[in-house]
Structures are given as structure tokens and as C-alpha cells.
Amino acid sequence: GIAPESAANVAVDLAGELYGQGAASFVNAMLRAIFRERAQAPEWAGLPPKLASRWRKNFGAAAEPAMASLAKNPPLPLRIRGPVDEAVLAGLSCVKPPLPDWASSFEFRECSDPEAFFKSELIGKGQAYVQDPATAFAVSLAAKAGRIKGRVIDLCAAPGGKTLMLADCAAPGTEIIAADRSPERLERAKENFLRAGHPEIKTVAAEASTAQFAEGSFDLVFADVPCSNTGVARRRPDAPWRFSMTSLDKICGLQTRI
């Protein structure tokens with residue numbers, strides 16, 4: 001259900017993480033050979049029956065078009081963070097998507113030529129960040145309320161996309177701390193903060209549901225809690241097939257504890 005190139009990138013990264021560079025190179029060579037032979041991926045099979053039934057019950061007439069949309073590969077979503085010539089963005093096939101009001105204060109683009117974009121210097125210079133407009137919703141609520149000031153903590157921060165949005169919207173002098181339970185993911189977040197020109201963002205390894213901070217430590221506690229990912233199945237096509245009521249109850253319990 002996703003572009004073959006995207007599936008290959010995930011497979012290569014996973015092979016490298018689990019078994020080292022040799023395995024990653026082998027998987028990469030094998031999959032590229034398959035592409036050259038023009039092998040076709042199977043058609044999208046739809047949502048698992050139990051999840052499809054749940055969507056129809058919960059969403060009524062909106063369920064069918066929502067499920068149909070999952071069969072389409074999404075364009076690469078970007079947030080433009082710095083001054084970038086519109087001619088450069090047009091040359092990279094990056095266009096403005098229609099946005100809801102709550103996301104309109106941010107500069108988002110959709111890129112239909114990811115290869116050209118990743119060859120550009122926009123990410124390296126901190127001028128762009130791969131990010132979906134939906135991520136702006138929670139940040140926009142805090143920004144609209146004028147709450148991004150003083151001492152701020154993002155409790156589930158890594159890899160740092162929403163933390164950067166908070167920093168970009170913050171009042172002068174705001175102290176921002178990025179917390180996450182995974183030290184490894186925090187290292188990636190630190191790289192993102194540095195690249196984006198926000199080296200002042202502090203990081204702390206902490207489990208969000210049990211973090212021991214003193215009462216009144218922060219003026220804003222931002223918690224974009226873990227979810228089932230079934231709503232972003234176009235980008236995480238494995239999520240619907242991992243869904244069960246047991247797993248949903250578990251994730252909802254974690255959300256409540258956080």
C-alpha cells in the first residue's frame with residue numbers, strides 16, 4: 001500500500017539496524033534489482049475486516065471514502081521553516097496544499113518529487129522539515145492561547161518535529177525541554193534541533209507516564225501522546241494489521257496515565 005521506494009528504504013534501514021551495513025547493502029541491492037525488473041506490488045487489500053467494521057460503525061457514511069483514500073500514496077509533506085525562494089520550491093515540485101484554518105499560520109508544502117527534494121540543501125540548512133500539516137493542530141491550540149512562553153516541556157518529544165514547532169512559535173526567552181523515554185530517539189532529536197537552528201532546546205530522558213518533576217515546574221506541559229496509528233495508515237500501512245481491541249485498550253490506558 002505504499003510506494004515501492006518507500007518500502008525499500010524502510011527495509012534497508014531496518015536491516016542495517018538489526019544486522020549491520022552488510023545486510024543493509026544486500027537488501028538494497030536485491031530490492032533495486034526487483035524494481036529494475038518492473039515487478040509490481042500487490043493491490044491494496046483494504047482494512048482488516050474488524051477494523052473496517054469498526055470504522056463503518058463509528059464514522060457512518062464518511063468511512064468508505066476514508067478507507068478508499070488509504071489506497072493512495074500520499075505526497076511528501078513538508079514544513080518550510082526559513083526564507084526559501086518560491087521558484088526553488090516550484091523547481092522541486094513543491095506546492096501549497098489546501099489547509100484548515102488552524103494550520104494556516106505555518107508554511108506547508110506537498111512535494112511530488114521526493115528524490116529531487118532530498119537532493120536539495122533545504123533540510124541540511126534547516127529551511128524545511130518533513131512534517132504533516134496534521135501535526136500543527138495541537139501546537140496551534142497552545143499558540144492561539146498564548147501559552148508557549150516561560151518554561152515549556154514536550155513530554156513525548158522525539159524525533160522533535162512538534163518541539164521545533166513549539167520553538168518556532170514561542171515567545172522570546174522561552175525555555176523549551178524535550179523529554180522522551182528513548183535516549184536513542186533523543187539523539188536524533190538533538191540532531192534535528194541543531195540542524196534547525198535551535199541548539200538551546202534541552203533534552204531529558206524520562207518516561208512520560210511516571211516522570212518525576214516538581215509541582216509547578218512548567219508553564220506549559222505539551223503531551224502529544226502515543227496512538228494506534230490507524231489514522232495515518234497511508235504512511236504506516238502496517239498499523240491496521242496490528243490493530244486489536246486489546247492493543248487499543250493498552251494504548252488508551254497509556255494515554256490516560258500520561
Side-chain angles (χ1 to χ4, degrees), residues 1-11 13-14 17 40-79 97-104 106 108 110 112 114 130-142 144 154-163 165 179-182 185 207-211 221-258:
I2 61 175
E5 292 80 2
S6 299
N9 289 339
V10 172
D13 289 347
L14 182 60
E17 182 177 337
Q40 296 297 312
E43 292 295 320
W44 185 70
L47 290 182
K50 287 185 179 180
L51 186 57
S53 175
R54 179 180 172 84
W55 279 31
R56 292 187 181 103
K57 177 181 178 181
N58 290 343
F59 306 128
E64 296 303 331
M67 288 189 285
S69 72
L70 300 180
K72 303 173 183 177
N73 285 327
L76 180 72
L78 314 168
R79 183 167 72 92
L99 294 173
D101 290 342
W102 45 262
S104 59
F106 298 96
F108 283 100
E110 288 183 347
S112 58
V130 177
Q131 196 164 20
D132 194 283
T135 60
F137 183 63
V139 178
S140 71
L141 295 177
K144 186 176 182 180
D154 183 351
L155 273 183
C156 309
K162 294 186 188 70
T163 315
M165 296 184 89
D180 198 90
R181 69 177 184 176
S182 168
R185 283 167 55 84
E207 172 65 59
S209 61
T210 57
V221 177
F222 185 87
D224 178 52
V225 296
C227 68
S228 67
N229 288 310
T230 51
V232 291
R234 288 200 302 176
R235 293 191 173 87
R236 307 194 74 164
D238 59 310
W241 300 94
R242 290 186 284 105
F243 174 83
S244 68
M245 288 307 301
T246 300
S247 64
L248 182 62
D249 289 343
K250 183 178 180 180
I251 200 73
C252 288
L254 173 61
Q255 292 175 344
T256 301
R257 291 194 300 276
I258 293 175

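Note that the structure is a prediction, hence the values are computed from the model and not measured.
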Report the residues that fulfil side chain to side chain contact (heavy atoms under 4.5 Å, CB included) with [X], sequence neighbours left out, ordered by chain and then residue number.
X: Ala211; value: Ala206, Phe213
X: Ala158; value: Asp180, Arg185
X: Ser6; value: Ile2, Ala3
X: Pro240; value: Leu47, Pro48, Leu51, Ala233

With a 3.5 Å distance limit and no angle check, can you tell me whether [X] reaches the backbone of [Y] through a side-chain donor-acceptor pair?
X: Ser140; Y: Ala136; value: yes
X: Gln255; Y: Pro226; value: yes
X: Thr256; Y: Cys252; value: yes

Quiz item: Considering residues at least two apart in sequence or located in another chain, which fulfil the salt bridge (charged side-chain N to carboxylate O under 4.0 Å, His left out) criterion with Arg235?
Solution: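 Result, salt bridge (charged side-chain N to carboxylate O under 4.0 Å, His left out) vs Arg235: Asp132.
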So, do [X] and [Y] sit near enough that their side-chain heavy atoms are less than 4.5 Å apart?
X: Phe108; Y: Leu78; result: no
X: Phe243; Y: Met245; result: yes
X: Asp224; Y: Phe222; result: yes

Spacing of [X] atom [atom1] and [Y] atom [atom2] [to the nearest 0.5 Å]:
X: Cys156; Y: Leu254; atom1: SG; atom2: CG; value: 7.5 Å
X: Arg236; Y: Ser228; atom1: CZ; atom2: OG; value: 10.0 Å
X: Phe106; Y: Leu99; atom1: CZ; atom2: CG; value: 11.0 Å

List in chain and number order the residues that pass side-chain hydrogen bond (donor to acceptor under 3.5 Å, both in side chains) with [X], two or more places apart in sequence or in another chain; answer none if no residue qualifies.
X: Arg54; answer: none
X: Arg242; answer: Asp238
X: Arg56; answer: Glu64
X: Ser244; answer: Ser247

Quiz item: Under the salt bridge (Lys or Arg N to Asp or Glu O under 4.0 Å) rule, what pairs show up with a residue in residues 243-253, not counting sequence neighbours?
Solution: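 Counting only pairs at least two positions apart or across chains, no salt bridge (Lys or Arg N to Asp or Glu O under 4.0 Å) contact touches residues 243-253.
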